[in-house]
Amino acid sequence: MKRVISIQDISCIGKCSLTVALPIISAAGVETAIVPTAVLSAHTYFKGFTFRDLTDDMEAVRDHWKQLGFKFNAIYTGYLGSERQMDIVESYFDAFKEDGTWIIVDPAMADGGKLYCGFDEHFAKEMSKLCSKADIILPNISEAALMLGEEYPGEEADEETIKALVLKLSTLGARLSVITGVNLSDGTFGFIGYDSEKKEFFKYGSKKIPMKSHGTGDVFASAFTGALVNEFSVYDALCIAADFTSKCIENSFNSEEKIEYAVNFELELPYYISRLKK
Ligand code: PXL
């Protein structure tokens, strides 16, 4: 059985980070070893959230797994609570990266041009250093702009603007840089990426749903990781992730509750699993 590590927080309410990665990657038939970076009562969209930092446990977890001899097909990181955690995450890459282990970094820290509560511009710069150690990075437009110190071009930025941003992003060092949450010129919604080995851009758009929701980046990155480890190509895994995320948003959009703190990813897991059948 394939096995991945996912390093991010547990937000007890709010359907993001590990409470999304664990069910989605497991649904892909992949064992998901987790490193919780912090426990929050709810994600930072909710006022008054509690925050218990777990940085001090992260190195001991790494050392124990190393001692037990576990091996991993991918390491996927999302929301990290502090700069020190980024250094420890790098040490996970050093400890567990082997030939064929994918390093996937989703620099989850901003949306709508604004950093999440508790982060500053220095944090964004440090995140760009972590991205330089990855094979694949998956920022949204806000995160890409913040890591590069560029002005935020807005959610409606055109394809040429995003291409310029993703090209600059590729100089950080990851082989594949992918900007998510992009409005494409044909009216679809998806991603634009750049492969720095092949020197090629690639893009894909899925059905655009007129609703913005929290946690969609985590749904996308988790679905991508599950598909990639199931040996879909990077591009096919990204397309599966885009289609699944669009379905999850559509499901929430059509539901009576219309929550905006998360999407109804649970109800679309059968669709995701069906896409993984070869
Ligand atoms: O979905 C990204 C995310 C992850 N973790 C925490 C968050 C957010 C977004 O707001 O607050 C704690």
Side-chain angles (χ1 to χ4, degrees), residues 5-25 32 34-55 57-58 75-86 88-89 104-121 123-124 126-127 130-131 134 137-147 152 155 178-182 189 191 209 211-226 241-242 244-246 248-249 251-252 259-266 268:
I5 304 179
S6 184
I7 310 178
Q8 35 191 335
D9 69 282
I10 294 179
S11 288
C12 300
I13 284 271
K15 302 203 276 188
C16 69
S17 32
L18 283 182
T19 64
V20 162
L22 195 47
I24 293 178
I25 301 171
T32 312
I34 58 165
V35 183
T37 55
V39 177
L40 292 81
S41 53
H43 66 56
T44 60
Y45 161 92
F46 296 95
K47 283 216 162 50
F49 60 88
T50 68
F51 188 98
R52 178 167 302 275
D53 186 271
L54 297 179
T55 311
D57 294 321
M58 290 171 68
I75 306 174
Y76 151 44
T77 76
Y79 179 101
L80 300 173
S82 68
E83 292 179 17
R84 202 179 131 221
Q85 287 189 353
M86 294 189 213
I88 300 175
V89 162
I104 302 158
V105 173
D106 175 6
M109 60 182 170
D111 208 358
K114 290 200 185 75
L115 284 155
Y116 296 145
C117 178
F119 296 148
D120 59 17
E121 270 156 33
F123 185 88
E126 290 300 304
M127 190 59 100
L130 187 66
C131 282
I137 58 173
L138 302 169
N140 61 26
I141 301 173
S142 307
E143 291 152 354
L146 281 157
M147 286 197 291
Y152 171 59
E155 296 302 301
V178 182
I179 299 186
T180 63
V182 175
F189 187 69
F191 59 83
I209 313 296
M211 176 178 165
K212 186 123 179 85
S213 201
H214 258 65
T216 49
D218 301 351
V219 169
F220 182 93
S222 302
F224 167 69
T225 302
F244 173 58
T245 307
S246 168
C248 295
I249 302 171
N251 192 305
S252 305
I259 55 167
E260 59 175 31
Y261 66 82
V263 288
N264 293 347
F265 77 89
E266 301 90 332
E268 296 296 342

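Please read these numbers as outputs of a predicted model, since none were measured by experiment. Each ligand, and each atom within it, is numbered from 1 in the order the structure gives.
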**Q** Sequence neighbours left out, what passes side chain to side chain donor-acceptor pair (under 3.5 Å) with Tyr116? Give chain and number order.
**A** none
**Q** Tell me, yes or no, whether the heavy-atom count around Ile259 atom CD1, taken from other residues, nucleotides or ligands under 6.0 Å, exceeds 12.
**A**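 More than 12 heavy atoms, drawn from other residues, nucleotides or ligands, come within 6.0 Å of this atom.
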**Q** Within a 6.0 Å radius of atom CZ on Arg84, are there more than 12 heavy atoms belonging to other residues, nucleotides or ligands?
**A**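 Yes.
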**Q** Apply salt bridge (Lys or Arg N to Asp or Glu O under 4.0 Å) to Glu83 and list each qualifying residue two or more places apart in sequence or on a separate chain.
**A** none
**Q** List the protein residues in contact with ligand 1, where contact means a heavy-atom separation under 4.0 angstrom.
**A** Asp9, Ser11, Cys16, Ser17, Leu40, His43, Thr44, Tyr79, Tyr116, His214, Gly215, Asp218
**Q** Strictly under 6.0 Å, is that where the ring centroids of Tyr45 and His214 end up?
**A**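 Ring centres of His214 and Tyr45 closer than 6.0 Å.
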**Q** What pairs with Ala221 under side-chain contact (heavy atoms from CB on, under 4.5 Å), at least two apart in sequence or on another chain?
**A**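 side-chain contact (heavy atoms from CB on, under 4.5 Å) check on Ala221 returns Tyr76, Asp106, Leu138.
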